[in-house]
> 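Would you mind keeping the following structure in view while I ask a few things?
Order of listing sets the numbers, starting from 1, for every ligand and every atom in it. Keep in mind that the numbers below use all heavy atoms, side chains included, and drop hydrogens, waters and symmetry copies.
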Amino acid sequence: MNKNFLTLGIETSCDDTGVAVLRNDNEVLCEFLSSQIKDHSRFGGVIPEFAARKHLENLLPLVNAALKEINISGRELDLIAVTRGPGLMGSLIVGVQTAKALSQVWGVPLIGVNHLEGHLFAPLVDAQDLEPPFLSLIVSGGHTEIIKVNSFGNYELIGQTRDDAAGEAYDKAARILGLKYPGGPEIDRRAKIGNPHAFNFPVPLKNTDKIEFSFSGLKTALLWQVKKFENEGKEIPIDDLCASFQKSVTEALTAKINLAVKITGIKKVSASGGVSANSALREALKNNKNFRAWLPELKRCTDNAVMIAMAGKNSWTRKKFFEADVIPDPSLHEL
Ligand code: KG4
Ligand code: ZN
């Protein structure tokens, strides 16, 4: 095995253009991220067509910057790992087609990565002591699920949301409260100065014996509360509403993680995806006495290319194959 195995990771599934180079399994040589948040926040959400155009503008300059930073040429890479789904079709096409072209030109093997498997690897970048079996909570804008990692490459989906994803719930709640997109970081920030006990929002499915989530009812409860203030002509206590909403989401997530730990007997839990950056969730997971928690660094909770490079390298090592024809798949699900 080549000791200095270099993987170029490319992530363009949604609105972040990410490029990273990894040495061997988890040594990050460089990472670049071009966020489009400012471009999309004025529309209150991601505009797919616009996101794809931005990836097209940003991706190759970032690849060049990465190679320049570590002073290698593309031909010296050992693998290119690119997100092939799930995500926005236009965004995925830009990443995959660019990766295919670079792979052909440089003669470097290419591997397609499931974005969710990427998130699953994010906590492992800094955690050499996290070994399967463990439970992985993936909480992002598009997904909320608990995956039982039997071994790398052998995953069991043991729980998921019935409706909205946790990040989607944060984004919709923020819109109800008139806060800017993306809503999660905004609510997190406002919640720090609010009273989490000011409103008694429901904790969806807290006491059921199934590992499942539901956030649409909670969002509706928030909407009614806001309408009540509006109808009474009263000022909306945004900070308290944010703190109380965040408390309910956090309790719903931790209740089901506790249940998953109880059912499986696995006491190792990792969390990843944008919502794993949430301060209340991080506290709740770190302080939970039922299990030990592993969390990614804040910058690797949201979409990034390091996690894609890591998942791609791991998969390549296991399967020893590469794909000449990676097909983008916006609704790719099964890990
Ligand atoms: O993983 P990610 O970057 O993209 C997807 O794959 O979906 O996650 C983005 C989601 C958004 O819904 C955003 O509001 C949420 O993660 N998010 C947060 C926080 N930071 C990002 N939610 C709650 N608290 C945060 N601090
Ligand atoms: Zn993501």
> Protein N, O or S atoms at less than 2.8 Å from the Zn ion (ligand 2), how many?
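Every protein N, O or S atom under 2.8 Å from the Zn ion (ligand 2) counted, the figure is 3.
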> How does D303 reach ligand 1, if at all, at less than 4.0 Å between non-hydrogen atoms: by side chain, backbone, both, or neither?
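Contact part for D303 vs ligand 1: both backbone and side chain.
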> Which part of H115 is near ligand 1, with near meaning a heavy atom under 4.0 Å away: side chain, backbone, both or neither?
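The side chain, only.
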> Can you list the ligand 1 atoms lying under 4.0 Å from a non-hydrogen atom of G184?
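What qualifies from ligand 1 is 14 (O), 18 (C), 19 (C), 22 (N), 23 (C), 24 (N), 25 (C).
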> Establish, yes or no, whether a centroid distance under 6.0 Å links the rings of F121 and F152.
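Yes: the rings meet the under 6.0 Å criterion.
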> Of all the heavy-atom pairs spanning A252 and V203, show the shortest one and how long it is.
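Taking A252 first and V203 second, the nearest heavy atoms are N-CG1, 3.5 Å.
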> Where is the nearest protein heavy atom to atom 21 (C) of ligand 1: which residue, which atom, and how far?
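Going by distance alone, atom 21 (C) of ligand 1 is nearest to G274 O, 3.4 Å.
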> On the 0 to 90° scale, with breaks at 30° and 60°, tag the F215-F213 ring pair as parallel, tilted or perpendicular.
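Correct class here is parallel.
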> Among all protein heavy atoms, pick out the one at the shortest distance from atom 9 (C) of ligand 1; state its residue, atom name and that distance to 0.1 Å.
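In this structure, atom 9 (C) of ligand 1 has G141 N, 3.8 Å as its nearest protein heavy atom.
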> Please identify which atoms of ligand 1 are closer than 4.0 Å to at least one heavy atom of V275.
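That gives atoms 16 (O), 18 (C), 22 (N) of ligand 1.
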> Heavy-atom distances under 4.0 Å decide this one: backbone, side chain, both or neither, for D171 against ligand 1?
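The side chain, only.
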> Among the clusters formed by ILVMFWY side chains lying less than 4.5 Å apart, do L110 and L6 turn up in the same one?
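Yes.
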> Within 45° of the six-membered ring axis of F5 and under 6.0 Å from that ring's centre, is NZ or CZ of K313 located there?
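Yes.
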> Could you find the nearest protein heavy atom to atom 26 (N) of ligand 1 and give me its residue, atom name and distance?
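Minimum-distance protein heavy atom for atom 26 (N) of ligand 1 reads D188 OD2, 2.9 Å.
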